[in-house]
Amino acid sequence: MKVSRFLRTACALALGLAVIPAVTEAQGPLYDKVLVNLPYTVTVGEHVLQPGPYMIRQVDSPGGASRVLLIYSNDGRQFETSAMTIPALDPTTADNTKVVLHHFGPDYYFDKIWIQGKDYGYEFPLPDAVKARQRERMAPLTVAATYEAVPKEEVAQAPAPAPVQETPAPQPEVAQAPPPAPEPQATPAPAPVVAERRMPETASGWLMMLLGGGALSGLGLALRRQA
């Protein structure tokens, strides 16, 4: 009697263990979602996140191992930015989900995200411009977060990039031909100067001689008559 009961219990357990993988496979891979409340302004790439609550989701991928994260605000309704991460491994399983921030002077940058109950996380590459600020490096800041595993149907797809408006190529400037030069107007030729007709100097001398001779002749005749 006890043996038959034991066999029935073992069969039920075996059947249950066989059903669990089938349900998981039908559900598909689960994706990571982290909820965090940032206490300071944090820079991700070239985007600045203001203090407040954010939702960080893993992008859907065929193998379920995407390293691209999407960051949303306003309870997951407003997309803020995306970030490409690299795998981060921890030999000890994280006890809590947490977000670690780099601290350089007054600025904060994403460093890592650790997932509760898993030995992996997400690491954000540090920009080269920030690496040069080693003298300003301060102790990292750890912010508590909440982890959720979501099925594929609830995973947000990467938003399509905004259409790039093409700037029309500048049209080559066409050199305008200079206006034609005005045709030169003909200058009227000066009127010919009519030279005043003058008697030659030799002619005026002969005339005086004739007049003088005539006068002398008349004077001589008058003297003869008186004599």
Side-chain angles (χ1 to χ4, degrees), residues 23-131 133 137-166:
V23 174
T24 304
E25 183 177 358
Q27 185 182 29
L30 298 179
Y31 295 88
D32 297 333
K33 182 176 76 172
V34 175
L35 304 177
V36 61
N37 192 356
L38 298 177
Y40 303 106
T41 300
V42 180
T43 301
V44 182
E46 298 181 356
H47 191 84
V48 177
L49 302 177
Q50 298 300 324
Y54 290 91
M55 176 188 299
I56 304 175
R57 284 189 171 187
Q58 182 185 16
V59 172
D60 179 16
S61 65
S66 174
R67 311 309 301 179
V68 179
L69 300 180
L70 305 180
I71 302 177
Y72 294 85
S73 61
N74 195 17
D75 294 332
R77 291 189 293 269
Q78 180 176 349
F79 173 75
E80 291 290 340
T81 187
S82 62
M84 175 66 73
T85 64
I86 57 178
L89 300 178
D90 189 352
T92 60
T93 302
D95 295 332
N96 300 295
T97 300
K98 52 189 176 182
V99 176
V100 183
L101 303 177
H102 286 296
H103 189 187
F104 289 86
D107 303 322
Y108 292 88
Y109 302 86
F110 270 111
D111 179 12
K112 296 181 182 66
I113 296 179
W114 295 111
I115 305 300
Q116 179 181 4
K118 301 182 182 297
D119 59 354
Y120 69 86
Y122 301 87
E123 182 176 354
F124 296 77
L126 192 64
D128 294 336
V130 182
K131 294 179 182 178
R133 300 172 55 187
R137 181 185 287 271
M138 304 176 69
L141 175 68
T142 301
V143 182
T146 303
Y147 171 76
E148 295 180 9
V150 296
K152 179 178 180 179
E153 290 75 11
E154 299 181 15
V155 176
Q157 302 293 329
V164 179
Q165 297 182 356
E166 297 183 358

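All figures in this text were calculated on a predicted structure; none of them were measured in a lab. Values reported hereafter were calculated over all heavy atoms of this structure, with side chains retained and with hydrogens, waters and symmetry mates removed.
In this structure, CG in N74 is found 14.5 Å from CZ in F79, a value given to the nearest 0.5 Å. Taking NZ of K33 as the reference point, atom OH of Y147 lies at 10.5 Å (rounded to 0.5 Å). Taken from CG in D32 to CD in E148, the straight-line distance is 11.0 Å, to the nearest 0.5 Å.
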Test L126 against K131 for side chain to side chain contact (heavy atoms under 4.5 Å, CB included), laying out the working first.
CA-CA 7 Å; L126 192 64; K131 294 179 182 178; 4.0 Å; yes

Test I113 against L69 for side chain to side chain contact (heavy atoms under 4.5 Å, CB included), laying out the working first.
CA-CA 11 Å; I113 296 179; L69 300 180; 4.2 Å; yes

One pair to check against side chain to side chain contact (heavy atoms under 4.5 Å, CB included): L101 and D111. What are the steps and the verdict?
CA-CA 5 Å; L101 303 177; D111 179 12; 5.8 Å; no

For side chain to side chain contact (heavy atoms under 4.5 Å, CB included), just list the numbers for L70 and V59, CA-CA rounded to whole Å, side-chain angles, deciding distance to a tenth of an Å, and then say yes or no.
CA-CA 7 Å; L70 305 180; V59 172; 3.5 Å; yes

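Counting only distance, with no hydrogens or angles, the side chain of T85 and the backbone of R67 share a donor-acceptor pair below 3.5 Å. With hydrogens and angles ignored, the 3.5 Å screen pairs no side-chain donor or acceptor of T97 with any backbone N or O of A145.
The aromatic rings of Y122 and Y120 stand perpendicular to each other, their planes meeting at an angle above 60°, with 30° marking the opposite boundary. In this structure, Y109 and F104 have perpendicular ring planes: the angle between them is above 60°, well past the 30° mark.
Listed by first and then second residue, the side-chain hydrogen bond (donor to acceptor under 3.5 Å, both in side chains) pairs that reach into residues 40-55 are H47-E80, sequence neighbours excluded. Annotation: salt bridge (charged side-chain N to carboxylate O under 4.0 Å, His left out) contacts involving residues 81-110, sequence neighbours excluded, comprise D107-R133.
Residues I71 and F110 have side chains in contact (heavy-atom distance under 4.5 Å, counting atoms from C-beta outward).
Taking all atoms of both residues into account, the shortest heavy-atom contact from G52 to N37 is C-OD1, 3.0 Å. In plain terms, the two heavy atoms of A88 and E123 that are nearest each other are CB-CB, 4.0 Å.
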